[in-house]
Amino acid sequence: MLQKWSQTLIPTTREAPNDAELPSHIMLHRAGFIRQVGAGIYDYLPLGWRVINKVSAIVREEMEAAGAAEMLMPALEPFELFKDTKRDETYGDNLFRVKDRKGRMNALAPTHEEVITQLLIGAVTSYKQLPLTLYQIQTKFRDEARPRAGLLRCREFLMKDAYSFHFGVEGAGGLNETYDAMYRAYTNIFTRCGLDFSAVEAESGPIGGSASHEFMVNCASGEDTILKCPASGYAANVEKCEIGDRAHDLGAAPAGDLTEKHTPGMPGIDAVAGHLGVSPSGMLKTIVFKVTGGAAGAPSWVLATVRGDHDVNEGKVKALSGCAVMLAPEAEAKKAGFAIGYVSPRVVNTIPGCMLLIDPDATHAGGWATGSDRADHHCVNFNWRRDVGGALDDASKVRVGDVRNALEGDPSPRAAGSRLVTARGIEVGHIFKLGVKYSEAMGLWVLDEKQQRRSVIMGCYGIGVSRTMAACVEMSHDENGIIWPAAIAPYHVLICLMKPDDARQREAAGEIACRLVGEGVDVLLDDRDERPGVKFKDADLVGIPLRITIGDKSLEQGGVEFKHRADTGKARLVPTGDVVGVCLEGLRTGV
RNA sequence: CGGGGUGUAGCGCAGCUUGGUAGCGCGUUUGACUGGGGGUCAAAAGGUCGUGGGUUCAAAUCCCGCCACCCCGACCA
């Protein structure tokens, strides 16, 4: 299609609002793609909306190709819908609540598992109707505690969400088959969008195993940390990343007498380490978790001890302990006797109902510095065997295993001798296996061939469409503006008309535009009566992949100027008759 | 939710300490000169100084409350 600049709204600005800090936020604002309406709420202006629609179109094609059918569910839902799955509680304050005129509570949907599960109850009753995959592209709402980073973390945003329904997990028509199909579809989508991305293992859903993958746009400013093994190709979010085998030894001999030191007002590792004159890697950090909904015989508390320079990973604590846990509320933990901020592993012997998890890296060496189980005190020369004793040999009380976040340089879990490397990413897609979490909570079942009720097995698959636009800018820009991949650029070609009131130039532009449109190319014609400098600055800012400049200079030489946005050099002269072909070639080879 | 910061013209900012007619740059409008990387000159339009209260003869400025927005942290199926 052809769009005249003068007939749309592209409010470019020299300066971005002071609030904008990230390149994507600054550029999208300055180039006239978005405007902020409130915290985490944005207008999508004509250029921004075109990018969103280009992404959406690719998403639709790949979803349909993967056998999913599009539909649309409401953003506004009765609050009761969230009761069965308890997400009114578990989603907590992130769930937008709206009271209507009759005083009823409603929710603005953060995602649509409940709505679609409700829909399927009654609509699908036989195993013969499965598998089934439905999707929508819809506005989602999350009452984020802190919206930030422009389009990357919004309270209202555009998301593609798909849900699949199955009779089984394995085999034809099973969850795994659709999951794999979605994995391929996502790979196709982000590849076609022209993004540099990684698929990584993510914190798994209720089914466990490697049942979840995130698709991350590779970008140094990304919010998420991912780790990769160069040898095996293993890649995972830091929340999930396993660590290869590490030696451990709880038997080292004491290095000296356990000595208590006064460390007033220093619950943090760095302050204590400085005060005691030891490095954080010579300290032990013990984090207290409360066991939630523990069965009979389960511990009440799970303690995780890691080296002072390491971070405890809650998911790994759950896995190693076999308990559902949450970070212990400070008041509750203090009441139970924990000197929060000054806890040592010795409490496993003094406070009833404790299970202690020890990271392998926290086992070696003789004299550790650690808390003293008394406020404002730490001790030095802690020794596992001497100071914890027999409990170390009781697997119901003490377990050694991976409970910390992986770090650059850690051994790979998939290739002996290989070390993990870190990278940053922006999450734009997430797929995972839900299992029967929603179907059992809400009563979605079908009859099998023996007329037995079977809960439907579900998967769900999301793509942040508006976030993808921002992530792309984050990944692809220079100091002058955005550099769009052709596939999701608002237009493919920008025709820069130097003198819009010059008949010869106007005719040339019209003819080229017409032929490009005939080839299915989207053309933006800058027909504004502006100085060349302004037009070129705006052209770079907006970032259309190809630029044709039409002015007296080139016309007199029988051609027009052609330039890739990504090229830093000067434009080259192309005969007027050839420029359409050159553009098509440029779009074909990618930009 | 804890800590920090900012609200003055469309955008970026000064003015506030020490109360006394609302300022600057960019942008916008009009005209002229220009015409290949945000040009020059001239004239002009545009502001309940976030909001409510208080102090005062007088408040953008001092005091109190509230709201909005941003950053760090916590949080993020």
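Quick note: numbers below take in every heavy atom, side chains included, and nothing from hydrogens, waters or symmetry partners. Convention: sequence-line order gives letters A, B, ...; per-chain numbering from 1.
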Colleague: When the P atoms of B:A77 and B:G38 are considered, how many whole Å apart are they?
Modeller: 48 Å
Colleague: Provide the full list of ring-ring contact (aromatic ring centres under 6.0 Å, His included) pairs with a residue in residues 527-552 of chain A, sequence neighbours left out, each pair given once.
Modeller: none
Colleague: Sticking with atom C1', work out how far B:A14 lies from B:U56, rounded to a whole angstrom.
Modeller: 26 Å
Colleague: Strictly under 3.5 Å: I want the nitrogen or oxygen pairs between protein and nucleotides 69-71 of chain B, one per line.
Modeller:
residue: B:C69; atom: OP1; partner: A:A39; partner atom: N; Å: 2.9
residue: B:C69; atom: O3'; partner: A:Q36; partner atom: NE2; Å: 3.3
residue: B:C69; atom: O2'; partner: A:D19; partner atom: OD2; Å: 2.7
residue: B:C70; atom: OP1; partner: A:Q36; partner atom: NE2; Å: 3.0

Colleague: A:F141 vs A:F96 aromatic rings, parallel, tilted or perpendicular, using cut-offs 30° and 60°?
Modeller: perpendicular
Colleague: Identify the nucleotide, in any strand shown, that forms a Watson-Crick or G-U wobble pair with B:U28, with both distances under 3.5 Å; if there is none, say none.
Modeller: B:A44
Colleague: How far does the C1' atom of B:C11 sit from the matching atom of B:C57, given to the nearest Å?
Modeller: 38 Å
Colleague: Please tell me if the side chains of A:I10 and A:T12 come closer than 4.5 Å, counting only heavy atoms from C-beta onward.
Modeller: yes
Colleague: With a 4.0 Å cut-off, would you call A:E113 and A:R87 a salt bridge?
Modeller: yes
Colleague: Apply salt bridge (Lys or Arg N to Asp or Glu O under 4.0 Å) to A:D478 and list each qualifying residue two or more places apart in sequence or on a separate chain.
Modeller: A:R565
Colleague: Among residues at least two apart in sequence or on other chains, which ones pass salt bridge (Lys or Arg N to Asp or Glu O under 4.0 Å) with A:E156?
Modeller: none
Colleague: Starting at atom CD of A:E15, determine the distance to atom P of B:A9, rounded to an integer number of angstrom.
Modeller: 14 Å
Colleague: Which is true for A:R35 with a 4.0 Å heavy-atom rule: it touches a base, it touches only sugar-phosphate, or it touches nothing?
Modeller: nothing
Colleague: Can you tell me, in whole Å, how much space there is between the C1' of B:C70 and that of B:G54?
Modeller: 29 Å
Colleague: Rounding to an integer number of angstrom, what distance separates B:C63 and B:U29 when you compare their C1' atoms?
Modeller: 43 Å
Colleague: Over all strands shown, is A:A16 touching base, sugar-phosphate only, or nothing at heavy-atom distances under 4.0 angstrom?
Modeller: sugar-phosphate
Colleague: Under a 3.5 Å limit for both distances, which nucleotide forms a Watson-Crick or G-U wobble pair with B:A74, could you say?
Modeller: none
Colleague: Distance check needed: B:C1 P versus A:D143 CG, whole Å only.
Modeller: 10 Å
Colleague: Determine the Euclidean distance between corresponding P atoms of B:C64 and B:A22; express it in Å to zero decimal places.
Modeller: 25 Å
Colleague: In whole Å, what separates the P atom of B:G15 from that of B:C62?
Modeller: 12 Å
Colleague: Rounded to the nearest Å, what distance is computed from the CG atom of residue A:D93 to the C1' atom of nucleotide B:A77?
Modeller: 15 Å
Colleague: Decide if atom CG of A:D93 counts as having more than 12 heavy atoms of other residues, nucleotides or ligands within a radius under 6.0 Å.
Modeller: no
Colleague: Counting Watson-Crick and G-U wobble pairs only, both distances under 3.5 Å, name the nucleotide matched with B:G36, or none.
Modeller: none
Colleague: Distance only, no hydrogens: is a donor on one side chain within 3.5 Å (strictly under) of an acceptor on the other, for A:N176 and A:K433?
Modeller: yes
Colleague: Between A:Y186 and A:F190, what is the ring plane arrangement, given parallel below 30°, perpendicular above 60°, and tilted in between?
Modeller: perpendicular
Colleague: Could you tell me whether A:D540 and A:R547 make a salt bridge, using a distance below 4.0 angstrom between a side-chain N and a carboxylate O?
Modeller: yes
Colleague: For A:F157 and B:A77, what is the distance between atoms CZ and P respectively, to the nearest whole Å?
Modeller: 11 Å
Colleague: Taking a pair as Watson-Crick or G-U wobble with both distances under 3.5 Å, which nucleotide is matched to B:C13?
Modeller: B:G23
Colleague: Given atom CG of A:N237 and atom P of B:A77, what is their separation to the nearest angstrom?
Modeller: 11 Å
Colleague: Expressed as a whole number of angstroms, how long is the span from A:I287:CD1 to B:A74:C1'?
Modeller: 14 Å
Colleague: Taking the same atom, C1', in B:A58 and in B:G19, what whole-Å distance lies between them?
Modeller: 8 Å
Colleague: Answer yes or no: does a side-chain N or O of A:R14 lie under 4.0 Å from OP1 or OP2 of B:G27?
Modeller: yes
Colleague: Could you give all pairs that pass the ring-ring contact (aromatic ring centres under 6.0 Å, His included) test and reach residues 6-46 of chain A, with sequence neighbours left out?
Modeller: A:H25-A:Y42, A:F33-A:W484
Colleague: Quick test: give all pairs of protein nitrogen or oxygen and nucleotides 34-37 of chain B nitrogen or oxygen below 3.5 Å, distance rounded to 0.1 Å.
Modeller:
residue: B:U34; atom: O2; partner: A:R531; partner atom: NH1; Å: 2.5
residue: B:G36; atom: O2'; partner: A:K553; partner atom: NZ; Å: 3.2
residue: B:G36; atom: N1; partner: A:E561; partner atom: OE1; Å: 3.3
residue: B:G36; atom: N1; partner: A:E561; partner atom: OE2; Å: 2.4
residue: B:G36; atom: N2; partner: A:E561; partner atom: OE1; Å: 2.1
residue: B:G36; atom: N2; partner: A:E561; partner atom: OE2; Å: 2.9
residue: B:G37; atom: O6; partner: A:R547; partner atom: NH2; Å: 3.1
residue: B:G37; atom: N1; partner: A:D540; partner atom: OD2; Å: 3.1
residue: B:G37; atom: N2; partner: A:F536; partner atom: O; Å: 3.2
residue: B:G37; atom: N2; partner: A:D540; partner atom: OD2; Å: 2.3

Colleague: Mind checking who B:U6 pairs with, Watson-Crick or G-U wobble, both distances under 3.5 Å?
Modeller: B:A68
Colleague: Both A:L327 and A:T12 contact RNA chain B. Which one's nearest nucleotide lies toward the 5' end?
Modeller: A:T12
Colleague: Watson-Crick or G-U wobble partner for B:A60, using a 3.5 Å limit on both distances?
Modeller: none
